[in-house]
Amino acid sequence: MAAKQYELDSSVLDWYRDFCPRNSFQVWTRPDITFADVVVGMANGVDLNDLIGSNSEIFGNIVLAKLAEITGESYETVSNVCHEAPMNSDFIGEDELRLIEAAKLVIEPRSRRISTVDIDFGKAFAIANHAMLNEVMSSLDDPVLYGIAERVLPNLEWRTDSIAIDAINTVYRDRHAEHYNLEAVRSHATELFAACQVQLAFIQADFVLQALDCAKPTTDKMHFESVYTSHPFSRRYILACCLGAFTHPRFAVAREAVADIEKRSNAKNSPTNIVAAAKKAASANVSADGAGSGKHI
């Protein structure tokens, strides 16, 4: 049987298991680390041992030799990326730069931030509106809060980059903690956006109710905070609340999307666990900063 061919986008761990089935070098690395990740990591100053999960100098040299074989570059070129590029990025040669750029081209498509191009906004609004009318309303015992949220929903930002997309990217970026299927998140960006928008509608409704509670009868004006505030502490609090749309999805389409992401990720750090940790950390920071809290779904 012909030997398996490896490329820059191949998993280092997959190659290692073929190369050394008995784990003689005691390698412990994540299955999502590719040879391209190793190249870019080295160029950015990350220690090779940390990238490949081994303190063995011999194994490190073997990995560099394998990179040279995969890319067709010389061992010296690969070694220069490891040892020279982080400190002398302005002076490394064309061969090293070519190798680094080739690795970046492999990595960039799967690390691109989720943006407006990944979301069908018309579909997202339809999902959110249907959920509000047919699922969320029946689950609440506060008709006033629901009534305000229902009016808020269509007036949210539906076609621009917003805090809802930031919330999705919080899950997206945290995949670096474990092997995590980023494309699973991207494929459900529309459903996740809809879930965040429903959450934002209730957060905004809560802000309105808080303002009503604090309003003075003698004044005609009422001021309430916006979910699109630029205040860092408030924004962190709102983002933490948005993450709850993933931790505890409140309607069927969102639940199905999160379940599929977890299934396809096949990792210890499922979206629910990652988001729960992120939400806990964000909430702790906000609590320490003294930001207010209210009633949210």
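In this text the structure is predicted, and so the values were computed from the model without any measurement.
- For the pair Met132 and Leu153, the tightest heavy-atom approach, listed with the atom from each and the gap, is CG-CD2, 3.6 Å.
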Assess whether side chain to side chain contact (heavy atoms under 4.5 Å, CB included) is satisfied between Ile168 and Val185, documenting all intermediate values.
CA-CA 8 Å; Ile168 299 172; Val185 177; 4.0 Å; yes
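- Not one N or O on the side chain of Ser79 forms a donor-acceptor pair closer than 3.5 Å with the backbone of Glu76.
- Using bins of under 30°, 30° to 60° and over 60° for the plane-to-plane angle, the ring pair Tyr146/Phe202 lands in the tilted bin.
- At distances below 3.5 Å, at least one donor-acceptor pair connects side-chain atoms of Ser139 with backbone N or O atoms of Val136.
- Between Phe251 and Asn134 there is no side-chain heavy-atom pair separated by less than 4.5 Å.
- Counting only distance, with no hydrogens or angles, the side chain of Gln197 and the backbone of Glu157 share a donor-acceptor pair below 3.5 Å.
- Between the side chain of Asp166 and the backbone N or O of Thr170 there is no donor-acceptor pair closer than 3.5 Å.
- Checking side-chain atoms of Asp118 against main-chain N and O of Ser115 turns up a donor-acceptor pair under 3.5 Å.
- Using a 4.0 Å cut-off between charged nitrogen and carboxylate oxygen, Lys66 and Glu69 count as a salt-bridge pair.
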Stepwise side chain to side chain contact (heavy atoms under 4.5 Å, CB included) check, Val63 with Trp15:
CA-CA 10 Å; Val63 171; Trp15 161 75; 4.0 Å; yes
Output, in order, the C-alpha distance, side-chain angles, deciding distance and verdict of side chain to side chain donor-acceptor pair (under 3.5 Å) for Thr34 and Asp37.
CA-CA 5 Å; Thr34 66; Asp37 290 311; 2.9 Å; yes
Would you sort out whether Val106 and Phe35 count as a side chain to side chain contact (heavy atoms under 4.5 Å, CB included), showing the intermediate values?
CA-CA 10 Å; Val106 172; Phe35 286 101; over 6 Å; no
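- A pairwise comparison of heavy atoms in Arg159 and Gly122 identifies NH2-N, 4.2 Å as the closest pair.
- Atoms CD1 and OH, from Ile52 and Tyr16 in turn, are 10.0 Å apart once rounded to the nearest 0.5 Å.
- Here the closest heavy-atom approach between residue Gln199 and residue Cys241 is recorded as NE2-O, 2.9 Å.
- Judged purely by atom type and a 3.5 angstrom limit, Asp47 uses its side chain to pair as donor or acceptor with the backbone of Asn49.
- In the hydrophobic clustering of this structure, Leu145 groups with Met137; members are Ile, Leu, Val, Met, Phe, Trp, Tyr whose side-chain heavy atoms approach within less than 4.5 Å, directly or through other members.
- Applying the 6.0 Å contact sphere to CZ of Arg151 captures no more than 12 heavy atoms from other residues, nucleotides or ligands.
- By the 4.5 Å heavy-atom criterion applied to side chains, Asn61 and Tyr75 are counted as neighbours.
- Residues Phe125 and Val117 fall into different hydrophobic clusters, defined by Ile, Leu, Val, Met, Phe, Trp and Tyr side chains chained together at heavy-atom separations under 4.5 Å.
- Between atom CD1 of residue Ile127 and atom CG of residue Asn129 there is a gap of 11.0 Å, rounded to the nearest 0.5 Å.
- In this structure, Asn80 and Asp95 have side chains that are not in contact, with every pair of non-hydrogen atoms separated by 4.5 Å or more.
- Under the 30°/60° scheme for interplanar angles, the aromatic rings of Phe19 and Phe25 are found to lie parallel.
- Across all their heavy atoms, Ser226 and Ile238 have their closest contact at O-CD1, 3.9 Å.
- Note: the hydrophobic cluster containing Val38 also contains Ile58 (ILVMFWY, side chain heavy atoms under 4.5 Å, direct or indirect links).
- Leu64 and Met42 get closest at one heavy-atom pair: CD2-SD, 3.8 Å.
- A distance of 10.5 Å separates CD of Glu57 from CG of Leu48, quoted to the nearest 0.5 Å.
- Of the possible donor and acceptor atoms, one in the side chain of Thr71 sits under 3.5 Å from a partner among the backbone N and O of Leu67.
- The two residues Arg255 and Glu135 have their closest heavy-atom pair at NH2-OE1, 3.8 Å.
- Hydrophobic clustering (ILVMFWY, side-chain heavy atoms < 4.5 Å, transitive): Val40 and Leu105 are in distinct clusters.
- Ion pairing between a basic and an acidic side chain is recognised when a charged N comes within 4.0 Å of a carboxylate O; Lys263 and Asp260 show no such pairing.
- Under the 3.5 Å distance criterion, the side-chain polar atoms of Gln204 are matched with a main-chain donor or acceptor of Val227.
- The distance from the CG atom of Asp120 to the CD atom of Glu191 is 9.5 Å, given to the nearest 0.5 Å.
- With hydrogens and angles ignored, the 3.5 Å screen pairs a side-chain donor or acceptor of Glu96 with a backbone N or O of Gly93.
- Taking OG1 of Thr77 as the reference point, atom CG of Leu97 lies at 10.5 Å (rounded to 0.5 Å).
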Ser54 and Gln26: CA distance, side-chain angles, deciding distance, side chain to side chain contact (heavy atoms under 4.5 Å, CB included) verdict
CA-CA 7 Å; Ser54 173; Gln26 297 297 303; over 6 Å; no
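- Taking the side chain as every heavy atom from C-beta outward, Leu209 and Phe224 never approach each other to under 4.5 Å.
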Apply side chain to side chain donor-acceptor pair (under 3.5 Å) to Gln210 and Asp206, showing your working.
CA-CA 6 Å; Gln210 290 181 42; Asp206 193 31; 3.2 Å; yes
